[in-house]
Amino acid sequence: MTPNEPSPSLHFIQDIITEDLKTNKWGGRVNTRFPPEPNGYLHIGHAKSICLNFGLALEFGGVCNLRFDDTNPTKEEVEYVDSIMNDVRWLGFDWGDRLYYASDYFGHLYEWAVQLINKGKAYVCDLSADQMREYRGTLTAPGKNSPYRERSIAENLDLFKRMKAGEFSDGSRTLRAKIDMAHPNLNMRDPVMYRILHAEHHRTGNQWCIYPTYDFTHGQSDSIEKITHSICTLEFENHRPLYDWYIDELGIFHPQQIEFARLNLTYTVMSKRRLLELVTGNYVAGWDDPRMPTIAGMRRRGYTPEAIRAFCAKIGVSKCDGIIDMSVLENAVRDDLNKRAPRVLAVLKPLKVIIDNYPEGQSEELEAINNPEDPAMGKRKVPFSRVLYIEQDDFREDPPKGYYRLAPGKEVRLRYAYFITCKNVVKDPKTGEVIELHCTYDPATRGGNAPDGRKVQGTIHWVSAGHAIDAEVRLYDYLFKIADLADVPEGEDYKNYLNPTSLVTLKRCKLEPGLAKATPGSRFQFERQGYFCVDSVESNVFNRMVSLKDSWAKIEKGQKKK
Ligand code: ATP
Ligand code: MG
């Protein structure tokens, strides 16, 4: 398996590992890990972290662990654990026998907490959450010591044991590290190590009623697993001194933490809290809604693991926060599918065309190329007959300048078929809407060329009405109307910026008959339209993955010109 595309130049983490291998810092070992909290489905930002951690292990002959950071029993569920494992595998990575849970370390962490109490480095505090906030100080003002800070070691040991035994109510006490309430880094101001929470955990059940905080768990979990390079996102940079403090006070194996910039993408959100809100509030149809930036959503939409990995390789790894344009992801999807998706003819908004000089009751089969990018994909037959459908957009009664498609009196090429000329337009007498075109065809142009050398400027797609199958097609657009959700004004709900046309459903689309056999999850290029995937949940539904060109960029360019 070689899931990562070779990247053109080394990024700073590759440089660090190369140097570590040269100096033999870790005895030649490279052990990374991907540490999700099972409180939601993975998104494309996690994919960046997965590709990075598993990719580095593959690249440097190391290993990568999968570890669930499951310290928060109230928000975590087995459903998320299962979905995360499924998504990591689907992306093409393998943790072998290195599947771990932070909850497996609860016993170990408890012993370490006792060790810190015995060293006089931790104490039981009775301040409430509000009081603790008040005592904490601010970025500019130092905090003040808790009145419980000088409890004796014996009293702390006794109270902590009784916390564990369930004698106290939720929130009534905490165990805190005794560091420095005036420390410039707020994370170092006697942070909470343990909280009381009478809650059932998805793996340890009711065995515990005190739970370690993420900060007291994360670094030591890395240490237990002998992680060499503990790679995380930039917001943990100012937690690093605390992780270092715990590890050094405990005198245990010390991994190196390295921070990189998290992925942000335009027109979407990347926080699990918000994604959960969109799901539970029914703003989308679930975690796997094809508009979601989740791996599950992208999979259902038809994106391939190869495209997602290529995207992650392309955006690289850096120390500067930024926002990546959604078009970069869409281009990765197009590049991937261009090579592998068979071309088919599909009419999304049908307009009936009658070829008046084509014999009634007759039909024939024309040869069509499956993929001009790959001759090995061969050819197929598509049926042609007297009554066809073309795209409504491919006809204008009053064509603007430069419109090369069908119009009264104009001739166009039907892809793989004949030249046709529009002779007559039939309208609905009530609405004035064009409902039918009468055309003639030139039998000498079979296959798409005129023996007399006559040229036409437009080629349009079509299907034979009597042979086509009906299907539902779902057109997806960006989930949000604005590019950068950070621009939402303070106090305003980001959900006000959901794109009302992010899903447009077309009910009676007409597809070439071969698509009746398309299996769930298979992908096609609908010629001139975009890439589509057969929905894997609902039958006879096609999801648009991406249009052929970046139409938004075009529109935006147009607007700028004006
Ligand atoms: P969220 O902020 O969406 O809730 P999280 O950071 O709390 O995400 P975790 O389950 O803790 O989610 O993430 C697991 C790993 O994925 C962490 O190492 C985290 O740094 C990384 N990760 C999460 N979001 C991103 C992102 N947008 N870009 C890159 N890596 C990310
Ligand atoms: Mg996190």
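Quick caveat, the model's predicted, so the values are computed rather than measured. Position 1 is the first residue of the sequence; numbering continues from there. Whatever order the structure lists ligands and atoms in, that order sets their numbers, starting from 1.
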**Message:** Between the side chains of Arg189 and Asp180, is the shortest nitrogen-to-carboxylate-oxygen separation below 4.0 Å, so that they form an ion pair?
**Reply:** no
**Complete:** The atoms of ligand 1 lying under 4.0 Å from a heavy atom of Pro35, numbered in the order shown, are 14 (C), 18 (O)
**Item:** Closest candidate by heavy atom, reference atom 1 (P) of ligand 1, pool Lys272, His218, Arg274
**Value:** Lys272
**Request:** For atom 20 (O) of ligand 1, state which one of Leu265, Ile50, Leu52, Thr233 supplies the nearest heavy atom.
**Result:** Thr233
**Message:** Taking distance alone, with N or O pairs closer than 3.5 Å, would you say Glu235 contacts ligand 1?
**Reply:** no
**Prompt:** Between Cys232, Gly45, Ala261, Cys312, which one has a non-hydrogen atom sitting closest to atom 31 (C) of ligand 1?
**Reply:** Gly45
**Message:** With respect to His43, determine whether any N or O atom, backbone or side chain, lies less than 3.5 Å from an N or O atom of ligand 1.
**Reply:** yes
**Asked** Any idea which atoms of ligand 1 are less than 4.0 Å away from a heavy-atom of Ser49?
**Response** 16 (O), 21 (C), 30 (N)
**Item:** Numbered atoms of ligand 1 (with element) below 4.0 Å of Ser271, judged on heavy atoms
**Value:** 3 (O)
**Asked** Backbone N or O of Ser547 within a donor-acceptor pair of the Arg334 side chain at under 3.5 Å?
**Response** yes
**Prompt:** What atoms of ligand 1 come closer than 4.0 angstrom to any heavy atom of Phe34?
**Reply:** 14 (C), 15 (C), 16 (O)
**Message:** Would Lys164 and Tyr110 count as a cation-pi pair here, with the cationic atom under 6.0 angstrom from the ring centre and within 45° of the axis?
**Reply:** yes
**Item:** Donor on one side chain, acceptor on other, Thr304 and Asp336, under 3.5 Å
**Value:** yes
**Heteroatom proximity flag, Pro36 to ligand 1, N/O under 3.5 Å** = no
**Message:** If the threshold is 4.0 Å, N to carboxylate O, is there a salt bridge linking Asp288 and Arg299?
**Reply:** no
**Prompt:** Between Glu37 and Tyr214, does any side-chain donor sit less than 3.5 Å from a side-chain acceptor?
**Reply:** no
**Message:** Less than 4.0 angstrom from a charged side-chain N to a carboxylate O is my criterion; do Lys495 and Glu277 meet it?
**Reply:** yes
**Item:** Heteroatom proximity flag, Lys48 to ligand 1, N/O under 3.5 Å
**Value:** no
